[in-house]
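The basis for the numbers below is simple: all heavy atoms, side chains too, and nothing from hydrogens, waters or symmetry mates. Lettering of chains follows the sequences in order, A, B, ..., and the numbering in each one begins at 1.
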2 protein chains.
Amino acid sequence: MSSTTVSTEIGSKSERAYAAIREKILGGEYTPGYRLVLAKLAEDLGFSVVPVREAIRRLEAESFVTFERNVGATVAGIDPTEYLYTMQTLSIVEGAATALSAPLITGSDIARARAVNAAMRESLAHFDPIRFTALNLEFHSVLFENCPNPHILDLVHRGWNRLQALRSSTFNYVPGRASESVAEHEALLKLLESGAGADDVERAARAHRAATLDAYLARNAGGQQDAPLHEKAPLARSL
Amino acid sequence: MSSTTVSTEIGSKSERAYAAIREKILGGEYTPGYRLVLAKLAEDLGFSVVPVREAIRRLEAESFVTFERNVGATVAGIDPTEYLYTMQTLSIVEGAATALSAPLITGSDIARARAVNAAMRESLAHFDPIRFTALNLEFHSVLFENCPNPHILDLVHRGWNRLQALRSSTFNYVPGRASESVAEHEALLKLLESGAGADDVERAARAHRAATLDAYLARNAGGQQDAPLHEKAPLARSL
DNA sequence: AAGTACGAAATCGTATACGATCAAGTTTGC
DNA sequence: GCAAACTTGATCGTATACGATTTCGTACTT
């Protein structure tokens, strides 16, 4: 990243520290469980502890790290329950955002989404999950970014960030689900082209995400420690 | 000066500063537009500027104040557009929370809600809008607090906080709407007693909030500066 | 008289220092 | 040998100080 940040560094040090730490978490340099020590971070990043502390508190608010008083911060880990909560919440807010976007979507938007979906199918054939995940975000972005309510849009972005923080692309991988997803994308586009009502769009968008979650839950049900998730599984399907 | 850290005081100073400032905003001591100067706040509260700054940043994240670099924080004001965004977002997340709570609700929950609703009707007869607003939160809390997804519940709480920060109880007052609201509450309770499905509960909960928003929009449409809100009005009804 | 340049006051942003608190390892008493 | 109390090391929490930035008033120019 950084794309040649010119000599005049933009933003306050708190903001730069936030961005830097966030990148290192998402980039995998700081793996879940890694302890983020203020003094060490400040040393590494070249800042003082105060802006680093502010960055950490912000990352805590966005659930990238957990924070314990007088103990410190650790990178948030992969937790099946958290994954379920996040996916369910995202199914709700993203469904709403997509429905609110639908009336404003243009033909060229749909064309672009269709091109992205084609690229997804291709990346699937080449076994490139990284690219697939990136394209998946791009596809859905086209569908929800026209949402005229910035609060809802913000919640959607937070949800996607959280999924990234959970490393869901490798975490929730379920064989066969990816190709299903591509097919559902095409169905979604057809629905939008047909000028369907907001309710139908919302339902379809929710169902799409719920299907991914269900696939994950179904796989885990066959696994070993299935008690806690089974108990909450109905939540995934109820909406 | 903090030579004797009295054990009665709990939480870090940042947290206490946050709580104190938040109370003063909600209590009306700091009205919208009021400039929150770090040094002055620190003086008033008896803390140093660092924890106060942290508190301010947190309040900013929750939209209680707006913050501008090198300028400072001001208490967020009443903005019809923000009100619309907040109500619409709340209709979505609260609708979902209520629907997810519905299967877990007990008979005594419903009895309590009904009692609260009776008190609302009474406070309406005595022209006590403060009490009415407080009871309204209590009523809805009974309906959504069983939501097993803490992320969604958190979003609902943020929405209600935001409404408080906007002072919606006086801001959005529409004659006649309050009594309608009480009637809709009873209908909601009957729906829950009938064991309706999650979809129906969600729709009803959304419609209840959308009706309040609609009443506000309808009143404002007859007002003076109606252009910007009219443009966004369809959003309110679409979900 | 209006607009601009400049300077002083106000305020935020961050560095540094030190006290407070917690976890863990070590000693002591039984 | 084991448990409880103590010591120690690491880390956070906050106060204070100072530099950076913006704002606003004032004088100067046109």
Spacing of [X] atom [atom1] relative to [N] atom [atom2], expressed in whole Å:
X: K13(B); N: dT14(D); atom1: NZ; atom2: C1'; result: 7 Å
X: E60(A); N: dC12(D); atom1: CD; atom2: C1'; result: 13 Å
X: E15(B); N: dC12(D); atom1: CD; atom2: C1'; result: 13 Å

For H157(B) and E145(B), run side chain to side chain donor-acceptor pair (under 3.5 Å): C-alpha distance rounded to whole Å, both residues' side-chain angles, the deciding distance at 0.1 Å, then the answer. CA-CA 10 Å; H157(B) 290 150; E145(B) 281 295 343; 2.8 Å; yes
Can you tabulate the close N/O pairs, meaning under 3.5 Å, that link protein atoms to atoms of nucleotides 19-24 of chain D?
{"residue": "dT21(D)", "atom": "O3'", "partner": "N70(B)", "partner atom": "ND2", "Å": "3.2"}

Return all side-chain donor-acceptor pairs below 3.5 angstrom for residues 33-48 of chain A, not counting sequence neighbours, or 'none' if the list is empty.
{"residue": "R35(A)", "atom": "NH2", "partner": "V71(A)", "partner atom": "O", "Å": "2.6"}
{"residue": "K40(A)", "atom": "NZ", "partner": "D44(A)", "partner atom": "OD2", "Å": "3.4"}

Using a heavy-atom distance cut-off of less than 4.0 Å, which residues of residues 36-58 of chain A contact DNA chain D?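 L36(A), V37(A), L38(A), R53(A), in order of number.
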With sequence neighbours left out, what residues match N161(A) under side-chain contact (heavy atoms from CB on, under 4.5 Å)? R22(A), F64(A), Q164(A)
Contacts of D128(B) that satisfy side-chain contact (heavy atoms from CB on, under 4.5 Å) - sequence neighbours left out: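 Listed in chain order: S123(B), I130(B), R131(B).
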Would you tell me if any nitrogen or oxygen in the side chain of S14(B) comes within less than 4.0 Å of OP1 or OP2 on dT14(D)?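 So the side-chain polar atoms of S14(B) do come within 4.0 Å of the phosphate oxygens OP1 or OP2 of dT14(D), strictly under.
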Donor-acceptor check, side chain of S14(B) to backbone of P51(B), threshold 3.5 angstrom: yes or no?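 No, S14(B) side chain to P51(B) backbone: no donor-acceptor pair under 3.5 Å.
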Sequence neighbours left out, what passes salt bridge (charged side-chain N to carboxylate O under 4.0 Å, His left out) with E15(B)? Give chain and number order.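 Not a single residue meets the salt bridge (charged side-chain N to carboxylate O under 4.0 Å, His left out) criterion with E15(B).
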Classify the side-chain pair R177(B)/T212(B) by whether it contains a donor and acceptor separated by less than 3.5 Å. yes
At what distance, to the nearest 0.5 angstrom, does CE of M87(A) lie from CZ of R162(A)? 13.0 Å
